[in-house]
Student: 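The structure's right below; bear with me while I get my questions together.
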Amino acid sequence: MYYGDTLLVNLDTGTTEQFSFDEVGVFGPGLAAGIGLYEKYGDADPLVIGSGLLTGTTAPASCLGFVVGKSPLTGEVAVSPLGLYAGAEVKLSGFAMIVIRGTSDKPVYLWLHDGVADIQDASALWGRDNWETTDAIRQEMGEGLIQVISAGPACEEGSRLASFSIDYWGSGDTAGLGAAMGARKLKAVALRGLGMLDPEDPEAYYEATMEMLAGSPAEPGFGRLSKGLGAGDVDGWLKPMVHRYRSCFACPAACNTFVKYNEPASVLAPDGVDEPGVMVTSAAAALWLMGGGWEAEPACRAMEAMARAGIDQVRGARELAEKPLKDPAGVAAAVSALTGSAAAGWPSSDRVGSGLFGPWVPPLGSPDEWMEAHRLGYLLGICPTYLLTSGIDRGALLGLCGPASGVELDTGRIAEMLP
Ligand code: SF4
């Protein structure tokens, strides 16, 4: 279920090498291999990018990839998620896992496409926000479907709120790994590939996943999540501005909510204003702002500004929540002040969350259920939010591992792989 080799990138020398799993000697599904690789190359304090066993397949919500690295916030190894289409693109890029070591002497970005790895000059991108960076890389490579993991200005500056972004929409990087990218002068990792996956029993796999998808709830928006938390009606709060919902790869839930505030949400034509609004991808950030008494429109403007700047929307919203703002200029100034929030404030443990996974997914279910969803999700490549809100049969999900890879997994082995 992995396509291609393990890629070792050395930013000190500007070189790349490829090795088979056998040569590297680190095995395991998803995050088990990611952490194994981090430990193997731990002396170099690498960033490891990878995807789960089922990522990029027809399994429900099989969108999840990950970045493993040392969090500048805690000094501990942490994992940040690659959702939307980035995790699936990692899987299909032609590299099973990517290990990035060293520090470049000038800004660069990594361009991974169909099993080819190029280190590109990013001097012209340094200082530019995530929206500009995504557009520039797509334009340079002539391909609008490239997935861009980028380090915005807050990441370049080493802000304590830094977070890498996926395309335009921010990410669940609550561990500050975007700042770890910025410190290495790694402006972005751009991904595109047409890789083919080869399940052990393709027919059985396809049929089982179609059955699971048919039984999956397809309720768009954040409703199931806010109900699970006993939180307020975030969908109703956003509703007057909602233009459409968008799922991550293969997810029936489509919680990502595109809102328009620069033109009426009822305008369907794609040739309206250039930047009509933002896609709200962080339920936790929306809930913090709503709970703090923000009106939806300025709150969404604040989330857009954080996504552009490379600020973790969960921690940023928590900082902003207590002082609701209304006018766009005030919102922009408040987010700009967060962008430069210097590393001197690190660590502030109550704002970081704890442990390997951080607070990207709000505290749904009991702590044990939350942790189990993360373990299972990061090994298989299934979104933990989906696991916690959909009621999907986790036994059936584990049962996909046989037809996918020929290796059976059970909950005991999962706990062993990610204690
Ligand atoms: S539940 Fe939401 S965040 Fe998770 S995969 Fe589905 S659309 Fe993405």
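Reckoned from all heavy atoms, side chains included, excluding hydrogens, waters and symmetry mates. Note that ligands are numbered from 1 as they come in the structure, with each ligand's atoms numbered from 1 the same way.
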Student: Rounded at 0.5 Å granularity, tell me how far CD in Glu416 sits from OG1 in Thr411.
Tutor: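 One gets 10.0 Å once the value is rounded to the nearest 0.5 Å.
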
Student: Indicate yes or no for a side-chain donor-acceptor contact from Lys91 to the backbone of Gly52 under 3.5 Å, with no hydrogens or angles considered.
Tutor: yes

Student: Going by the order shown, which atoms of ligand 1 are within less than 4.0 Å of some heavy atom of Cys248?
Tutor: 3 (S), 5 (S), 7 (S), 8 (Fe)

Student: If you measure from each non-hydrogen atom of Cys383 to ligand 1, which part falls under 4.0 Å: side chain, backbone, both or neither?
Tutor: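 Only the side chain of Cys383 comes within reach of ligand 1.
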
Student: Heavy-atom contacts with Cys63 under 4.0 Å: which atoms of ligand 1 show up? List them by number with element.
Tutor: 5 (S)

Student: Name the closest protein heavy atom to atom 6 (Fe) of ligand 1, giving the residue it belongs to and the distance to 0.1 Å.
Tutor: Cys251 SG, 2.3 Å

Student: Does a salt bridge link Asp45 with Arg184, judged by any charged N lying under 4.0 Å from a carboxylate O?
Tutor: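 Yes, this pair counts.
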
Student: Salt bridge check, Lys70 against Glu76: does any charged N sit closer than 4.0 Å to a carboxylate O?
Tutor: no

Student: Check step by step if ring pair (Phe, Tyr, Trp, His ring centres under 6.0 Å) holds for Trp237 and Trp294.
Tutor: CA-CA 10 Å; Trp237 181 64; Trp294 282 64; 9.0 Å; no

Student: Please state whether the separation between atom 2 (Fe) of ligand 1 and some N/O/S atom of Cys255 is under 2.8 Å?
Tutor: yes

